[in-house]
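A short write-up of the structure that comes next.
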Amino acid sequence: MRRFLRPGHDPARERLKRDLFQFNKTVEHGFPHQPSALGYSPSLRILAIGTRSGAVKLYGAPGVEFMGLHRENNTVVQIHFLPGQCQLVTLLDDNSLHLWSLKVKGGVSELQEDEAFTLRGPPGAAPSATQITVVLPHSSRQLLYLGTESGNVFAVQLPAFRALEDRAISSDTVLQRLPEEARHRRAFEMVEALQEHPRDPSQILIGYSRGLVVIWDLQGSRVLAHFLSSQQLENVCWQRDSRLIVSCHSDGSYCQWRMSPDAPQLEPVRSCVPYGPFPCKAITKIFWLTTKQGLPFTIFQGGMPRASYGDRHCISVVHNGQQTAFDFTSRVIDFTVLVQVDPAAAFDDPYALVVLAEEELVVIDLQTAGWPPVQPPYLASLHCSAITCSHHVSNIPLKLWERIIAAGSRQSTHFSPMEWPIDGGTSLAPAPPQRDLLLTGHEDGTVRFWDASGVCLRLLYKLSTVRVFLTDTDPNESLSAQGEEEWPPLRKVGSFDPYSDDPRLGIQKIFLCKYSGYLAVAGTAGQVLVLELNDEEAEHAVEQVEADLLRDQEGYRWKGHERLCARPGPVHFEPGFQPFVLVQCQPPAVVTSLALHSEWRLVAFGTSHGFGLFDHQQRRQVFVKCTLHPSDQLALEGPLSRVKSLKKSLRQSFRRIRRSRASSRKRRPAGPPGEVQEGSSRAERTGLQNMELAPVQRKIEARSAEDSFTGFVRTLYFADTYLRDSSRHCPSLWAGTNGGTVYAFALRVPPAERRMDEPVRAEQAKEIQLMHRAPVVGILVLDGHSVPLPEPLEVAHDLSKSPDMQGSHQLLVVSEEQFKVFTLPKVSARLKLKLTALEGSRVRRVSAARFGSCRAEDYGEHHLAVLTNLGDVQVISLPLLKPQVRYSCIRREDVSGIASCVFTKYGQGFYLISPSEFERFSLSTKWLVEPRCLVDSAESKNRSRPHNRNSGSQSDGEGVLKEIQSTLEGDRGSCGDWRSQRVAVGYSLSNGGAE
Amino acid sequence: MNRSFHKSQTLRFYDCSAVEVKSKFGAEFRRFSLDRQKPGRFEDFYKLVVHTHHITNTEVTIGYADVHGDLLPINNDDNFCKAVSSANPLLRVFIQKREEAEHCSFGAGSLSRRRRPLALREDGPRRRTHLHIGLPHDFRPVSSIIDVDIVPETHRRVRLYRHGCQKPLGFYIRDGTSVRVAPQGLEKVPGVFISRMVPGGLAESTGLLAVDDEVLEVNGIEVAGKTLDQVTDMMIANSHNLIVTVKPANQRNNVVRGSRASGSSGRSSDSTASRHSLPMAHVLQNLPPDEMESDEEADVVLEGVLEPRLAPRPPPGSLTRVNGAGLAPSLHSPGREGSVQRLLSSLRSDPRHSLALPPGGVEEHGPAVTL
């Protein structure tokens, strides 16, 4: 067989391949899925977020990002930075503690796990004895106090996690040291709060859930003070000057206790229920922060009236007579307040409130009047409405870039002018070489424009198409919502809003021309909008056209959703992309493909019924073509129209479930050696031997022409090529269907001077039926040099060499199963690569990309980047269709991840790893966007502060601790090399890179 | 296979100019002869036949028995020419009344075995005015055991030929474990097995595959390490010419090496005797490897203006089903008799597909190139 007679290993080519291709997962954009813990280091100014899947993500200044993954996929419950150090401790829900550190390697910091530890109680003790509830990293940096469910406090020495038995503070010990009158009360139950004295490291505060708070002297092992409240304790805050303690309770109250060394306090100085008098929910966390002006900030979570607002997720800020309850759309995981770090400072002077909600991160500026939110430069909630599609545009011209930013800046006026307060670390990554846009379409009919040039995915501009249509939502409704009663003073914050008014508004396809500023957007109900970028606001009517794709077809009934109702009359549009044409497909099925040619001023769209071409210059429909197979009833009548189709879809979904179940325990595909990692295959294989195999069967059945949805238009493509004869080239439109048919239409576009006068004409020139009938997923025309044809206007803007029109053009048709090159104009097959027949994988995404060499500046090759249904990414050469490299990228069970993948024009790609996160990967050695950053605790400012702090108020008894501390610091300062050479104990993932 | 056989036939009877014809209608026989070099046109032949049988008023269909004993139709100049040139030496012609002919069909094994609908029939409307048979399908690839000389005796390489019929391939596969001999002893490894046959399906009708046969290769690619879904996709992607290497569950029917007939002629694996003694449903073949790919599917390219409004919705199965016989006669036009051989040779690379061309000055460039 010929394929076995391929020319063998070519060393020169192999070397070149190494210069061109490389696979990396570089960075995760967006908001971590299912966050579960928040940590903040005031000295490093770095934020940490833990997730339910065991990931720890660190964020500092824009571009400073780290990610680590625990070996166990357990929920991260707590994160604590060690004071003044590049180290943090995480607590997982399996009660294990993990020490992570940022180490400098080769000039950049890497996050890696150093140690893991599980607290062991005495033999025979109940598991609750060692179940950790609170962690207190002591400022000595070598001790960790662990509060447990049993009420005992354990001490552990860092970094080796050595349990110090003699330093443990058992509840019995505390009980014995308590004065007689407090002892009779109750058992201590679990430790709810552990805090260090703000100035004296020898004292710690221990709060027990039954309401007892004691101040414990670590040196003398005695109780210095105790406070007893009548309510269950939730949390405690110790004022900066240590004179006041504020405790919050489960009944929605908080109490202030005066710290006076002489007289024990039996009653709180003040007790209050902020949202009383009716029963309230617990206040779970409270901050009491002093300011120079005198009046403190009280910031607490929860405490809302149980009956009427018990379901809200609120954080209240009270200061100087002002009170606002920030109302979040998702559950609040945790929050912290950024305060003056310098320990010598007399006041907290809080400047920002950082709230980690389940679906977004919100930062509120506490210095500006009105407490406006701060726009985050990262951690954007991609999924504030569910993502329905995405589109990437590389190398945006500066002009368009600035106009989009200008339009976007007018939308973000409600944000605070404050600089992003979390700015630790230094980003060493070079400035992005070009400007890239990632456009995401959302379920609520919006399109969001993201700056995807660098590590931080930043929202530039948000476009809403809702205004064009009449929807159920009445704009007055929001007004009436504001007129709600004044108490509690709720204020909605954040952008996460998962509720869509109308599913038909969902965006399905996006196409942006970066040179002209034309944008085409298509949606679920067959709507196609053509928009133009306008820097001024405008009010105009949107031209409406109906495209009847079932013309001349009789007896068919659409039983799906109705089409959207367009708003009549002029509509007001804000600056930015403004729609001017609305084409509505009839029947209003989902638009499945879209192409825009800004030079010819044409937009092509396809649904499951056919496709059409629209001239948006003359605002005229050029033609429509029905692609339906007469037997395709399902496509004709819409989804779930008949019992049979319902049955069919049920059957399919069961089959899918079964399939995914079966394949999840299947071995991995055997890839080319070395390329695809086969880490787990051995284990799975051995597991398979012992496992009873489920009787999963697959029917072997050739594709027939009667399969459903054969008319579904999968791809549309404009090309200026030799369609009819080899002497004259002409504009053409190509369409590929689910049934393996390719239609080619020759277009006659009048020259620019008569563009408005003469109509655009189209006639069908070719029709290709692929015999294997697999869905056509991509069409591409290669010029005489086998380079893909440039984008429209690319040549006009001198950004691309004009295509070679001398040599003969070639047509590449990519179906799910095969790649096939045909000659043009006589469509005869030249080459093919039968991917499915060889590997059993199917093409899910394909895109032509230019791969630059990392050695030679100018050298680059055009190839196809391919994603298969197995989640592998491959590079396939053009025009010879030789597989170059293959890497496994996405888990094969991750259907939505595979479906969401987009490739860039330079060999990078994005896919959704969760509803809210894009993973960025790169196949190229040259184009690699990944965080490179440095975080160093030895930086002078951060280093000096802990020093001051301890020298400021140090008792003589602290001499030992101080000594140890300075030794540790000396270590960091002088023995940096020694540290970096140490062998890492744990499992590490630095900078989000692949293992 | 096709080519060599064709050549040998024409060479062997090169000198013989007259072809003896034995024509059968009902229980009656007529004999006459035709000129091998110049057989004439089909219309004349038709007239001659109905005249000799004295059935000028009845509409009949004419068929002939080819060398394999298959009943193949004579209804145009091409296949008439083919029938005459391949007569061996006797041309056996069968005549049926048209309405009777509805109930039987032409095709492989249709003479020698029980008559079953196959190959050239569409499942479409029952009423047909004319049985459109485009090209002589006298040399037909059939499902077979291949590569007996290179495949171990315990294994069997089977080629399933769909041959344009609408029968499903018709079997199911499943995961399972099989036992291999490894250096460290017997080892259990995951494997893919045939789990079920569809009654009446192609796989069952060939008798070459059976339930619990282990699938080792699909079109030359080992399935070891591939998932069931991957193997399924590979089989479906290769369904036009599926070659599976199996380890039969029943090892008693293995082909014994050495007793095999040489060349392309085969040995019957079907025990049912027939009067033609050529029940060639299952033959052993020994194809050179590169010929395995010679029968690639070819895509159909239609050129020219196809105004959707001018060409209304085609009747089911005409435009879309190009590998059947549906639209083939449009290819045949008067005045192209001399080019029949040329046409044949150009199309021989893919005998299964006739070309679907709508009326109206359409050219095709299609299936000539296969790689």
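Worth knowing before you read on, the calculation uses all heavy atoms, side chains too, and leaves out hydrogens, waters and symmetry mates. Numbers restart at 1 for each chain; the letters A, B, ... are given by sequence-line order, proteins then strands.
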Between B:Asn238 and A:Lys834, is there a side-chain heavy-atom distance shorter than 4.5 Å?
yes

Please report the shortest heavy-atom distance between B:Lys226 and A:Glu839, naming the atom on each side.
CE-O, 3.3 Å

Which value, rounded to the nearest 0.5 Å, describes the distance between A:Leu838 atom CG and B:Gln230 atom CD?
12.0 Å

Report the residue from A:Lys766, A:Glu767, A:Gln769 that forms a side-chain contact (heavy atoms from CB on, under 4.5 Å) with B:Leu302.
A:Glu767

Crowded around A:Arg761 CZ? As in, over 12 foreign heavy atoms under 6.0 Å?
no

Go through the structure and list residues passing ring-ring contact (aromatic ring centres under 6.0 Å, His included) with A:Tyr722, not counting sequence neighbours.
A:His729, A:His809

Selection from B:Leu169, B:Leu242, B:Val231 maximising heavy-atom pairs under 4.5 Å formed with chain A
B:Leu169

To the nearest 0.5 Å, how far apart are CE in B:Met234 and CD1 in A:Ile700?
10.5 Å

Taking all atoms of both residues into account, what is the closest heavy-atom pair of B:Ile221 and A:Ala837, and its distance?
CD1-O, 3.4 Å

Under 4.5 Å heavy-atom distance to chain B, tell me which part of A:Tyr743 shows up: side chain, backbone, both or neither.
neither

A:Lys699: which residues meet the salt bridge (charged side-chain N to carboxylate O under 4.0 Å, His left out) condition with it, sequence neighbours left out?
A:Glu701

If the test is side-chain contact (heavy atoms from CB on, under 4.5 Å), which one of B:Asp175, B:Thr232, B:Thr227 qualifies with A:Arg698?
B:Thr232

Picking from B:Ile173, B:Ile236, B:Val198, which has the most non-hydrogen pairs under 4.5 angstrom with chain A?
B:Ile173

For the residue pair B:Asp233 and A:Asn869, what are the closest heavy atoms and their distance?
OD2-ND2, 3.8 Å

